[in-house]
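Reviewing the structure listed below.
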Amino acid sequence: MLPRSFRSALAPLGASVLLAFVAAAAFAQDAHHPAQAAQSTEESAFLAENDAAMTKMMNDMAAKPSGDIDRDFVAMMTPHHHGAIDMAVIELRYGKNEQLRRIAQEIIVEQQQEIDAMKLAIGDPVTASAPAPTQPSPAPAAAHDHMNMSHGMKN
């Protein structure tokens, strides 16, 4: 054991070392994630939506075991694939790189096809066809006008 006077003299040094370690860790964290203030509003929105998609995916993947390995596999993989779809939609919303946007579109189609194939393999019904989530829905007024035009054409 060190003498008390020596320990008292080392205490400020220990605190300085600890503070330096914490500062270094914070700096290392900033090196991997740019400062929030430097992020554009668009990037902040992208990161927030991506984080929400990842959190949802991870929570949904924690399926309660059913005793059927195949069903459990599908129960865990389906949210994983939905997470990929959600992330691809976010890329389409915010991304600028045309090659990555095309890949994101392919991910949406392929991941949904894999979800459907897994459901079919265990005898579950597949998801009803719906428009890909890459295009905005038509405005309600436009949809209403279209319906009126069709109705008028039938008369």
Side-chain angles (χ1 to χ4, degrees), residues 11-66 69-122 124-153:
L13 178 62
S16 296
V17 169
L18 179 60
L19 184 58
F21 178 74
V22 169
F27 179 76
Q29 182 72 16
D30 286 344
H32 294 291
H33 301 287
Q36 291 286 337
Q39 292 175 352
S40 68
T41 303
E42 186 175 55
E43 175 143 6
S44 293
F46 165 78
L47 292 172
E49 288 182 39
N50 197 61
D51 186 52
M54 293 285 288
T55 299
K56 181 179 182 341
M57 177 185 70
M58 294 304 291
N59 290 338
D60 291 350
M61 285 175 55
K64 183 178 179 183
S66 69
I69 293 169
D70 295 326
R71 286 195 171 278
D72 292 347
F73 173 74
V74 173
M76 289 182 283
M77 287 303 292
T78 298
H80 177 69
H81 282 44
H82 278 296
I85 291 169
D86 292 343
M87 292 170 65
V89 168
I90 295 166
E91 167 62 21
L92 291 173
R93 188 173 297 134
Y94 297 102
K96 307 291 187 263
N97 183 301
E98 286 305 315
Q99 185 177 4
L100 291 176
R101 291 175 55 80
R102 280 191 300 277
I103 291 169
Q105 290 170 331
E106 292 171 10
I107 287 169
I108 292 166
V109 171
E110 292 166 358
Q111 295 295 299
Q112 188 58 56
Q113 288 174 342
E114 287 187 15
I115 291 168
D116 290 344
M118 288 186 291
K119 285 182 175 184
L120 285 172
I122 60 171
D124 283 355
V126 297
T127 307
S129 284
T134 60
Q135 299 297 321
S137 299
H144 182 70
D145 290 343
H146 177 72
M147 289 172 61
N148 286 341
M149 287 175 45
S150 298
H151 179 70
M153 295 174 89

Glu42 and Lys96: salt bridge (Lys or Arg N to Asp or Glu O under 4.0 Å), yes or no, with the steps?
-> CA-CA 12 Å; Glu42 186 175 55; Lys96 307 291 187 263; 3.1 Å; yes
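- Taking all atoms of both residues into account, the shortest heavy-atom contact from His80 to Met57 is O-SD, 3.7 Å.
- Distance CZ/Phe46 to CD/Glu91: 6.5 Å, rounded to 0.5 Å.
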Chi angles and distances behind the side-chain contact (heavy atoms from CB on, under 4.5 Å) call for Met54, Met87 | CA-CA 8 Å; Met54 293 285 288; Met87 292 170 65; 3.5 Å; yes
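- Rounded to the nearest 0.5 angstrom, Met77 CE and Lys119 NZ are separated by 13.5 Å.
- Looking at heavy atoms from C-beta onward, Phe73 lies in side-chain contact with Met118 at the 4.5 angstrom threshold.
- Residues His82 and Gln112 are in side-chain contact: their nearest non-hydrogen atoms beyond the backbone lie under 4.5 Å apart.
- Lys56 places none of its side-chain heavy atoms less than 4.5 Å from the side chain of Asn59.
- When only modelled atom types and interatomic distance are considered, Tyr94 and Glu49 share a side-chain donor-acceptor pair under 3.5 Å.
- Atoms CG and OG1, on Asp60 and Thr55 in that order, are 10.5 Å from each other to the nearest 0.5 Å.
- In plain terms, the two heavy atoms of Ala63 and Ala75 that are nearest each other are CB-CB, 3.9 Å.
- With hydrogens and angles ignored, the 3.5 Å screen pairs no side-chain donor or acceptor of Asp86 with any backbone N or O of Ala53.
- Residues Glu43 and Leu47 have side chains in contact (heavy-atom distance under 4.5 Å, counting atoms from C-beta outward).
- Between atom CZ of residue Arg102 and atom CG of residue Asn97 there is a gap of 8.0 Å, rounded to the nearest 0.5 Å.
- Within the 4.5 Å cutoff, the side chain of Leu92 has heavy atoms near those of the Ile108 side chain.
- In this structure, Asp124 pairs ionically with Arg71, as a charged nitrogen and a carboxylate oxygen lie closer than 4.0 Å.
- If you take CD1 on Ile107 and CD on Glu114, they are separated by 11.0 Å, rounding to the nearest 0.5 Å.
- Atoms CD and CD, from Gln105 and Glu110 in turn, are 11.5 Å apart once rounded to the nearest 0.5 Å.
- Evaluated for a side chain to side chain contact (heavy atoms under 4.5 Å, CB included) with Ile115, the options Val126, Val74, Ile85 yield exactly one hit, Ile85.
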